[in-house]
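These notes concern the structure reproduced below.
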Amino acid sequence: MLSIQVHSYNKHCIHLRWILCLILSLFTTVPAISQSRVRHQTSLSDTLLKLKEVTIYSNRMQKKMSPVQILSGKELEKLNVYSVADALRYFSGVQIKDYGGIGGLKTVNIRSMGSHHVGVFYDGIELGNAQNGVVDLGRFSLDNMEVISLYNGQKSAIFQPAKDYSSASAIYMQTRKPLFKGEKKNNLNIGVKGGSFSTINPSLLWEHRFNERISSSISTEYMYTSGRYKFTYAKKDGYDTTAVRQNGDVRMLRLENAFFGKIPKGEWKAKAYLYNSERGYPGAAVREEPGKFRHQDRQWDTNLFVQGSFQNYFKPWYSLLANGKYAYDYLHYLSDPRLDVTTMYVDNYYRQQEIYASAAHLFTIYPWWSMSLSNDFQWNTLRADLIDFVYPTRNTILTSAATSFDFNRLMLQASLLYTHVDDNTRTKGANAGTKNKYTPSVIATWQPLTKLPLNVRAFYKKVFRMPTLNDLYYTFIGNINLEPEYTNQYNVGVTYNRNFDKGVLQGLDVQVDAYYNEVSDKIIAMPTSNQFRWTMVNLGEVEIRGIDVALQSNWRFCQHWLLDARVNYTFQKAQDFTKSTYYGDQIPYIPWHSGSLILNGTYKSWFLNYSFIYTGKRYEASANIPENRAKEWYTSDFSLSKNFSWRKTAIRLTAEANNIF
């Protein structure tokens, strides 16, 4: 793949003929620029210093009380990835679940507790899906993404909404905030990417500054791919043949409009987001009768939300964070047995609505002691054209109380989350009633030696997952008697972070964590007296033991030769202790060993990136027998980039080769 990135800071648009000549991919990362102007008067004693937009940027992080992994600006730009789901593969302890090929749903499973126990936050507010409880991470591209972070347990800060305490792990996606050089009022980026399988991906980003306090950004992109890739397989007769994947096309449109404002002692931001897609799901390749099953399943999605956030430090001892959101989700699924005899006729529509409001209060009692109180309210509805559907409505109230102590070398945090869930349905007596639950968490980190940047950390957290609306109310399958899933998380780890003033090694960051997780009352699908009629039940018991290792280093071999290296490794023993024939076996698709490597080399304006991902042996079914064992797999990606400048426009030329081995 070949791409060019153009960064423009002019008020005027780039001439059309230059865009057409480039024909390729354009990504933007507006460089962080600090500028100050000093006006000197006649004498030193009367000197007047006038500063304009002095912005300081730092990679320094607070102590990592909870296990956290981060990919930010430049690292994301250099990776050969398109979506957030692709980038998350480079984190330890993560398995990406990819359903249905190029256009399929992409979810993430962290430390083998299941996708439903992962909270996904977009610009600080959680993305919800009351219907099935998971978020498709494949629909979030990196075109406008600034930082992706993954937390096990919860964030290390207590000043956050109650929602942030409610999941076993969390993914935070932070989109870019406009930055302007000097007196510039506009940043413009227009791009086109092209690739295999008729892939075309134009994008546009326009950032505008109204005044010193208010700015905005518009980000949009369109993506189409036919998904018609070739593959080989052995036919029934025993010889190999080549076929072309059918019904794997994707059409996607994303549009975002955001406003950012500064106020005395605080800031606010507001965003409108629209995502619309149509995709096909390819079926199986059958050796006996190639091409017989066309599998023309189709899915249409529309996701719309409007959200806002307000934060202010009213007093030295009191701060407020307020969030609000409205979301609408539409899904249409079509399966036609006239095109695939193995399927039933399905033509269903689903519509969800969500209203969310949150207020978090931070009280600083002493410099070393702070407390927070957060209250969240969420309203969800689900409408579907299913037979005998009960049309559920869910009201959720979350209240969290947390406290934090910072004794310099010793830091402690504790929180208690109260969750109230009340379901209502149109059909009398068909709802699951009301649930009231309390779940605690405790976090600690300790630096044994003052002069050694080594920290020991540990946490315990209890979480419960409320059954989704599908689990409870899906026609013929839902079970209103389901109990919530519970998880208990235990984690002990060490971190080492140091920067070096001399020598080749410039910086070293090491994280090692050992963990034990329990999942009880796991919700699974089981057949009833009829194999064609299934229902949801609480039967699963899972225990996970694992080790995560994350290492990041920075090297300087001479003035212009730089190297950044990132290594991640995970060992997991995830056993299913549900009473069955496969008691104690490894959970399907969870490898014992997995890892990744990223090498970023820089020489002046040249950039070389190598990325490697490894997934070890695992089983494709509950029975750990040789017939179900899946072999290990690994990928290697290369990219080479060169930065140019033309007038006041920065141009980036990139060549990529993915999965070369």
Side-chain angles (χ1 to χ4, degrees), residues 97 99 105 107 109 113-120 126-136 163 166-168 327-331 333 346 348-356 376-398 417-439 462-487 519-530 532-542 578:
K97 296 182 177 181
Y99 305 88
L105 177 72
T107 65
N109 179 18
M113 286 182 291
S115 302
H116 294 90
H117 289 283
V118 180
V120 181
E126 187 173 23
L127 296 168
N129 190 328
Q131 180 183 359
N132 56 40
V134 296
V135 176
D136 181 8
K163 266 280 187 181
S166 64
S167 52
Y328 171 81
D329 295 311
Y330 164 85
L331 186 151
Y333 185 82
V346 177
N348 293 135
Y349 298 80
Y350 305 88
R351 294 174 175 85
Q352 296 184 69
Q353 291 189 79
E354 176 184 308
I355 295 176
Y356 170 74
D376 293 10
F377 170 77
Q378 184 170 306
W379 172 82
N380 294 95
T381 65
L382 176 61
R383 303 292 180 260
D385 59 349
L386 301 174
I387 299 175
D388 298 328
F389 195 63
V390 298
Y391 298 93
T393 298
R394 171 170 291 178
N395 295 288
T396 305
I397 297 174
L398 300 102
L417 176 67
Y418 165 72
T419 306
H420 169 87
V421 182
D422 182 44
D423 287 356
N424 295 284
T425 57
R426 287 187 184 178
T427 304
K428 186 177 180 180
N431 64 73
T434 302
K435 298 288 190 299
N436 294 281
K437 303 294 179 182
Y438 291 90
T439 49
K462 186 181 181 76
V463 174
F464 91 95
R465 175 180 85 84
M466 186 67 188
T468 66
L469 298 183
N470 273 359
D471 293 337
L472 295 169
Y473 306 114
Y474 199 89
T475 304
F476 304 131
I477 296 177
N479 178 5
I480 63 173
N481 297 314
L482 285 175
E483 291 294 326
E485 275 187 18
Y486 284 93
T487 68
V519 182
S520 58
D521 288 331
K522 190 168 181 64
I523 300 171
I524 60 176
M526 291 285 289
T528 60
S529 57
N530 187 327
F532 296 96
R533 178 72 62 86
W534 289 54
T535 189
M536 310 304 294
V537 296
N538 293 106
L539 280 183
E541 300 288 338
V542 177
T578 305

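Note that this is a predicted model, so its numbers are computed, not measured. Both backbone and side-chain heavy atoms feed into the values below; hydrogens, waters and symmetry mates do not.
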Would Ile524 and Val537 count as a side chain to side chain contact (heavy atoms under 4.5 Å, CB included) here? Give the steps.
CA-CA 6 Å; Ile524 60 176; Val537 296; 4.1 Å; yes
Where do [X] and [Y] come nearest, in terms of heavy atoms and distance?
{"X": "Ile523", "Y": "Glu483", "answer": "CD1-O, 4.0 Å"}
{"X": "Tyr391", "Y": "Ala384", "answer": "OH-O, 3.3 Å"}
{"X": "Glu354", "Y": "Gly128", "answer": "OE1-CA, 3.7 Å"}
{"X": "Ser167", "Y": "Val118", "answer": "CB-C, 4.4 Å"}
{"X": "Gly429", "Y": "Ile480", "answer": "O-CD1, 4.0 Å"}
{"X": "Val135", "Y": "Thr107", "answer": "O-CG2, 3.9 Å"}

Can you confirm whether [X] sits close enough to [Y] that some side-chain heavy atom of one is under 4.5 Å from a side-chain heavy atom of the other?
{"X": "Pro392", "Y": "Asp423", "answer": "no"}
{"X": "Asp521", "Y": "Phe464", "answer": "no"}
{"X": "His116", "Y": "Val134", "answer": "yes"}
{"X": "Trp379", "Y": "Gln353", "answer": "yes"}
{"X": "Glu541", "Y": "Ser520", "answer": "yes"}
{"X": "Lys435", "Y": "Thr419", "answer": "no"}

Do Gln378 and Asp376 meet the criterion of a side-chain donor-acceptor pair at a distance under 3.5 Å?
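Side-chain D/A pair, Gln378 to Asp376: absent.
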Compute whether any side-chain donor of one residue and acceptor of the other, for Tyr473 and Asn431, lie under 3.5 angstrom apart.
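No pair is found: no donor N or O on one side chain lies under 3.5 Å from an acceptor on the other.
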So, taking the atom named [atom1] in [X] and the one named [atom2] in [Y], what distance separates them when rounded to the nearest 0.5 Å?
{"X": "Met113", "Y": "Lys522", "atom1": "CE", "atom2": "NZ", "value": "10.0 Å"}
{"X": "Glu485", "Y": "Arg465", "atom1": "CD", "atom2": "CZ", "value": "4.0 Å"}
{"X": "Leu398", "Y": "Leu417", "atom1": "CG", "atom2": "CG", "value": "5.5 Å"}
{"X": "Ile397", "Y": "Asn395", "atom1": "CD1", "atom2": "CG", "value": "7.5 Å"}
{"X": "Asp329", "Y": "Tyr350", "atom1": "CG", "atom2": "OH", "value": "14.0 Å"}
{"X": "Thr535", "Y": "Tyr474", "atom1": "OG1", "atom2": "OH", "value": "13.0 Å"}

With a sphere of 6.0 Å drawn around OH of Tyr438, does it hold more than 12 non-hydrogen atoms of other residues, nucleotides or ligands?
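Result for OH/Tyr438: open.
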Step-by-step side chain to side chain contact (heavy atoms under 4.5 Å, CB included) determination, Asn479 to Asp471
CA-CA 6 Å; Asn479 178 5; Asp471 293 337; over 6 Å; no
For the pair Val463 and Thr487, evaluate side chain to side chain contact (heavy atoms under 4.5 Å, CB included) and give the outcome as yes or no after the intermediate values.
CA-CA 5 Å; Val463 174; Thr487 68; 3.4 Å; yes
Set of side-chain hydrogen bond (donor to acceptor under 3.5 Å, both in side chains) partners for [X], sequence neighbours left out:
{"X": "Tyr486", "answer": "Lys437"}
{"X": "Thr427", "answer": "none"}
{"X": "Glu126", "answer": "Lys163"}

Worked verdict on Gln352 versus Leu469 for side chain to side chain contact (heavy atoms under 4.5 Å, CB included)
CA-CA 11 Å; Gln352 296 184 69; Leu469 298 183; 5.8 Å; no
side-chain contact (heavy atoms from CB on, under 4.5 Å) partner of Asn470, chosen from Leu382, Ile477, Thr475
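Between Asn470 and the candidates, side-chain contact (heavy atoms from CB on, under 4.5 Å) is satisfied uniquely by Leu382.
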